[in-house]
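Scroll down for the structure; my scribbles are underneath it.
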Amino acid sequence: MAAIAAVAVVAVVLVGGDGDSAGGDATIVFEERWRTRVDGLGDVALRADLVGYDDDVALFVRELDGDGEGLVLALDPATGDELWSERVSAELGPPTVTRVSDVVLINEPTGRGRYDLVAHDARTGDRVWSLRDGGLVVAAVDDVVVVERRGVPDGEASADLVIVDAATGDEIAARGSGDSTTAVVAARDDGLLVMEAVDDGWQVVGLGLDGDERWSRPVELPLQLPRDVAVWSSQDVVMFLDRDELVAVDLSSGDERWSEGLGRGAAVTVSADAEVVVSCLTAEGDVPAELEVFALASGDELWSTTLEDDEPSFVGFSGPNVLTVTGGTSSCQSAASFVFGRTMTAVDARTGDEVWSLGDGEGFVETQPAESWSGSAEPGVRFVAIRASEGGGEGRPSPGSLYDPVTGEPIVSDVSADGSVSLFLAGRTAVGTTADDETFSVFDASDPSIDLGFDDLPIVAGYSAGTLYLVVGSEIVALD
């Protein structure tokens with residue numbers, strides 16, 4: 001068997017005071033605020049993700065050649081000074097970092113589906129509490145953390161689902177047993193919908209955040225929906241599948257709002273923003289993929305269509321629009337935050353009317369995920385911008401453009417430079433990076449004369465609270 005290289009991980013949590021809640025509307029002026037050297041970051045960092053929680057941010061960096069050790073590093077966002085650090089294992093996969101109120105939760109995989117859970121004070125790094133085999137954080141609602149336990153040996157755990165006080169680690173409620181299955185289907189700020197195995201089959205259960213059972217309902221051969229943790233949603237309707245029937249119920253009471261029969265194997269995606277439900281049947285043989293769109297409140301069918309172009313895919317929602325691409329990899333891939341294709345089309349989720357279409361069929365169109373760009377997106381927004389390359393000619397780089405993900409209007413168009421160009425949206429600023437032999441720079445894509453040169457390739461890590469973060473060699477650089 002071929003050897004598998006270990007992966008080292010660095011996660012950086014930038015902890016601020018008052019912060020800048022208007023950072024999403026800020027303009028980058030390309031002035032360096034600070035740069036901090038991170039031992040072990042190295043020149044092989046291939047990915048750096050910045051994840052925002054309110055006015056604070058978290059940076060996740062993955063290295064290709066590591067020793068299986070990771071590091072969570074907290075920096076002062078004003079100066080770049082280290083506040084605290086914590087070494088973690090990354091041999092079995094990268095840890096996940098979640099900011100909840102005044103604590104940073106680190107989920108560290110320990111093997112066979114198990115995770116340790118450790119909470120640190122966000123500003124001092126002091127260990128506040130820890131749970132061995134504590135489970136995987138699946139939702140954080142206010143000051144409550146919902147975790148699932150999987151693959152825990154007998155005698156070490158008595159529940160599959162645990163609700164924990166984020167500040168103290170105290171168990172608020174537990175549900176399930178070590179040899180059963182309990183999984184979160186939906187999380188809202190007023191309760192949870194879970195699916196669990198019982199002696200005679202399966203049931204879905206509505207729970208309060210205190211763990212109290214509100215209602216339950218038996219289901220037959222459930223096929224779990226993509227996890228719906230849009231806690232920001234104002235909708236109290238939640239979904240589950242009962243064999244091939246989609247059922248919508250009131251989360252508080254369990255009262256059925258509506259139900260709709262679907263084709264077997266349909267993938268279902270809910271948009272509380274557009275207030276619709278999309279059922280996508282994957283193409284099979286000569287039968288094309290099919291989309292059916294229903295009103296979330298009533299279940300009424302709004303429109304339907306087949307995807308019959310070259311390798312068409314349904315890739316989810318952008319604001320009030322349904323997105324499809326051609327040249328994708330799957331006809332129903334709505335859970336991904338990064339998607340690409342040869343063309344991308346947005347249609348109104350309520351009417352099915354085309355809103356915009358991008359791509360010339362020769363270049364590539366791709367999404368800029370929102371996870372690393374917290375200052376640019378409202379809660380629930382998956383995409384910050386749409387990036388497109390227009391093909392270009394033989395022997396020269398492809399010009400790039402950046403588009404608004406809701407309206408499809410261009411933010412910047414036909415940006416080109418010597419060498420390869422990548423574009424990003426940070427607040428109201430279109431940012432470009434370019435690499436040409438040994439020349440590297442970050443520049444204002446609207447005015448390429450405004451640029452900063454670097455000795456190493458700058459990797460855009462993300463944006464939050466009016467600040468752009470880069471990984472440059474073994475340094476983290478903050479730009480205002």
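Start at 1 with the first residue, then count along the sequence.
- Under the side-chain contact (heavy atoms from CB on, under 4.5 Å) test applied with I163, the options V145, V141, L192 reduce to a single match, L192.
- Shortest non-hydrogen contact noted between V184 and E148 is N-OE2, 2.6 Å.
- Test L117, V144, L105, L131 against V164 for side-chain contact (heavy atoms from CB on, under 4.5 Å) and you get one pass: L131.
- Of the possible polar contacts, none joining the T306 side chain to the E290 backbone as a donor-acceptor pair under 3.5 Å is found.
- In this structure, OG1 in T345 is found 7.5 Å from CH2 in W356, a value given to the nearest 0.5 Å.
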- [ ] Apply the test side-chain hydrogen bond (donor to acceptor under 3.5 Å, both in side chains) to residues E82 and S85: give CA-CA distance (whole Å), side-chain angles for both, the deciding distance (0.1 Å), then the verdict.
- [x] CA-CA 8 Å; E82 179 179 327; S85 61; 3.2 Å; yes
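- The two residues A445 and V415 make their nearest non-hydrogen contact at O-CG2, 3.9 Å.
- With values rounded to the nearest 0.5 angstrom, T36 atom OG1 is found 9.5 Å from D76 atom CG.
- Of all heavy-atom pairs spanning G400 and L423, the tightest one is C-CD1, 3.6 Å.
- Between the OG1 atom of T467 and the CH2 atom of W34 there is a distance of 8.5 Å, given to the nearest 0.5 Å.
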TODO: Quick one: do R350 and D353 satisfy side chain to side chain contact (heavy atoms under 4.5 Å, CB included)? Show the steps, please.
DONE: CA-CA 8 Å; R350 305 288 299 185; D353 296 334; over 6 Å; no
- [ ] Please lay out, stage by stage, how V277 and V268 fare under the test side chain to side chain contact (heavy atoms under 4.5 Å, CB included).
- [x] CA-CA 7 Å; V277 184; V268 178; 3.5 Å; yes
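- T429 places a side-chain N or O within donor-acceptor distance of the main-chain N or O of I28, the cut-off being under 3.5 Å.
- Here the shortest heavy-atom pairing between L358 and G408 reads CD2-O, 4.1 Å.
- To the nearest 0.5 Å, atoms CE (M344) and OG (S357) are separated by 10.0 Å.
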TODO: Carefully, step by step, assess E475 and R37 under the rule salt bridge (Lys or Arg N to Asp or Glu O under 4.0 Å).
DONE: CA-CA 4 Å; E475 293 181 314; R37 181 177 179 81; 5.7 Å; no
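- For the atom pair CG (L323) and CD1 (I386), the distance works out to 6.0 Å, reported to the nearest 0.5 Å.
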Open item on the list: side chain to side chain contact (heavy atoms under 4.5 Å, CB included), that's the test. Do V322 and F317 meet it? Break it down for me.
Closed with: CA-CA 5 Å; V322 168; F317 302 93; 3.7 Å; yes
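- Across all non-hydrogen atoms, the minimal contact from D121 to W84 is O-NE1, 3.8 Å.
- By the 4.0 Å N-to-carboxylate-O rule, R33 lies close enough to D480 to be salt-bridged with it.
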TODO: Carefully, step by step, assess V325 and R342 under the rule side chain to side chain contact (heavy atoms under 4.5 Å, CB included).
DONE: CA-CA 7 Å; V325 301; R342 296 291 183 181; over 6 Å; no
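- Residues S271 and A274 share a closest heavy-atom pair of OG-N, 3.0 Å.
- Put simply, CD on E32 and CG on L452 are 7.5 Å apart, with the number rounded to the nearest 0.5 Å.
- Proximity of D190 to L209: side-chain heavy atoms (C-beta onward) are nowhere separated by under 4.5 Å.
- Remark: R387 fails to qualify as a cation-pi partner of Y403 under the 6.0 Å distance and 45° angle criteria applied to the six-membered ring.
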